[in-house]
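A note on names: the letters A, B, ... follow the listed sequences, proteins ahead of strands, and every chain is numbered from 1. Being a predicted model, the structure only gives us computed values, none of them experimental.
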2 protein chains.
Amino acid sequence: MTAKKIQAVALKHFSQKGYDGTSLADIAGEVGIKKPSIYAHFESKFDLFAAVVEEVSEDYRAYRQTVISGSSSMDFEQHLFNIFSSMITYFIQDRVKMAFWVRLWMFPPAESPEALLEPWKNLNKTFLDEVIAIFEQGISEGHVRQGSPQDMAHTYLCLLDGFLTRVIISDDADYSQHMTQVWQCFWAGAKA
Amino acid sequence: MTAKKIQAVALKHFSQKGYDGTSLADIAGEVGIKKPSIYAHFESKFDLFAAVVEEVSEDYRAYRQTVISGSSSMDFEQHLFNIFSSMITYFIQDRVKMAFWVRLWMFPPAESPEALLEPWKNLNKTFLDEVIAIFEQGISEGHVRQGSPQDMAHTYLCLLDGFLTRVIISDDADYSQHMTQVWQCFWAGAKA
DNA sequence: GTCTATAACAAGATAGAC
DNA sequence: GTCTATCTTGTTATAGAC
């Protein structure tokens with residue numbers, strides 16, 4: 001299906017050059033069609049962008065849900081670390097998706113309608129809530145030191161987002177080796 | 001001086017909409033002049049951008065140097081925390097500068113010449129080296145637990161970058177309240 | 001230094017043949 | 001669905017008067 005190929009190429013270009021920096025001619029050229037042919041599949045440039053957002057968003061949502069529910073039976077530290085490492089691995093194994101994701105998150109195209117951004121924000125808000133719930137459970141069960149679950153969740157997400165940030169800005173091909181060390185430093189301060 | 005005013009307005013627009021999303025007409029309009037007048041002060045759009053990068057870069061460099069050298073006589077934890085909180089405060093008190101800085105760092109304009117990006121990368125590389133040196137000292141003097149100073153510095157910077165990331169994506173006006181909590185979580189795991 | 005006017009071009013989008 | 005041709009708009013940039 002041509003629409004899917006257009007979306008895949010668009011993802012790559014939006015990821016590398018941003019929404020404004022990408023032209024439909026760039027995309028069409030790599031797909032192997034001419035620019036007007038895109039309009040047979042998408043109503044506008046922004047419509048194409050929205051489709052890519054939807055695809056990336058849904059893939060991410062499904063993956064995250066699988067990871068969180070799939071590791072809930074683990075030992076507490078393992079559960080938390082599994083979410084941490086799985087999210088990092090998810091993005092590291094596909095840097096195009098990662099750059100698109102982070103770019104949209106931090107610097108969405110100017111004048112993006114709320115209809116596009118709101119589901120995206122909610123998706124990330126949900127993650128915060130889930131992590132807070134995990135820490136609440138960890139504290140009440142004695143796995144985690146006494147303290148504010150909100151603050152711990154926040155620190156956890158700072159570490160996760162910071163790790164992704166540093167992967168993006170780094171040329172290092174195998175950044176994942178740092179993951180375990182970062183985690184140990186965090187867990188040493190969080191455990192009961 | 002008109003050139004300075006153009007730069008200031010350009011900083012704001014580049015920060016909010018990115019390089020490609022900003023037009024010279026946007027900038028000129030807010031400055032109060034017409035578009036062609038910009039060319040009396042800057043050779044090209046990119047030349048204006050480069051001037052803004054230079055200004056922001058130098059301001060950041062000077063501030064960071066002041067913070068690091070100015071707190072080196074402090075107690076070890078205070079020294080580390082002071083750098084952490086000062087860097088965060090620096091960006092929080094000027095979100096325009098923060099967004100410009102992070103945007104350039106993570107997603108520089110496509111086809112930016114190396115001449116623009118290299119000094120910028122070196123600036124950040126230097127910071128990593130300085131933080132590593134501080135942890136090396138901290139370990140040898142017994143303030144920090146035994147371990148790899150590289151890994152600790154990396155964790156420290158993940159936390160710092162992650163914090164800034166979360167400030168950018170958050171609407172919360174007073175995000176700085178979280179800073180102390182994040183720090184305590186880190187230090188609990190890092191101290192000897 | 002700032003302006004009007006305009007060049008030169010690229011980009012998103014449409015019309016209509018095939 | 002894809003193409004060529006075209007429209008329209010917006011953009012960077014220059015020329016030349018004041």
From [atom1] of [X] over to [atom2] of [N], roughly how many Å is that when rounded to an integer?
X	N	atom1	atom2	result
Ile27(A)	dA11(C)	CD1	P	11 Å
Phe42(A)	dG1(D)	CZ	C1'	14 Å
Asp47(B)	dT14(D)	CG	P	11 Å
Lys4(B)	dG1(C)	NZ	C1'	18 Å
Leu24(A)	dT14(C)	CG	P	12 Å
Lys17(B)	dG10(D)	NZ	C1'	13 Å
His13(A)	dG12(C)	NE2	P	13 Å
Ile38(B)	dC3(C)	CD1	P	10 Å

From C-beta outward on [X], which listed nucleotide comes closest to its side chain: [options]?
X	options	answer
Lys35(B)	dT12(D), dT2(C), dT4(D)	dT12(D)
Tyr39(B)	dG12(C), dT4(D), dT12(D)	dT12(D)
Ser44(A)	dC3(C), dT12(D), dA13(C)	dA13(C)
Ala40(B)	dC3(D), dT12(D), dG1(C)	dG1(C)
Ser23(A)	dG12(C), dT4(D), dA13(D)	dG12(C)
Pro36(A)	dG12(C), dC3(D), dT4(C)	dC3(D)

Indicate whether OP1 or OP2 belonging to [N] is found under 4.0 Å from a side-chain N or O atom of [X].
X	N	result
Thr2(A)	dT2(D)	yes
Ser37(A)	dC3(D)	yes
Lys34(B)	dT2(C)	no

Reference residue Phe163(B); test side chain to side chain contact (heavy atoms under 4.5 Å, CB included); the match among Thr165(B), Val167(B), Leu159(B): Val167(B)
Salt bridge Lys17(A)-Glu111(B), side-chain N to carboxylate O under 4.0 Å: no
Assess whether a salt bridge exists between Lys121(A) and Glu118(A), defined as any Lys/Arg side-chain N lying under 4.0 Å from an Asp/Glu carboxylate O. no
Mind checking whether Trp183(A) and Trp187(A) have parallel, tilted or perpendicular rings, split at 30° and 60°? parallel
Any donor-acceptor N/O pair, Asp161(B) side chain to Cys158(B) backbone, under 3.5 Å: no
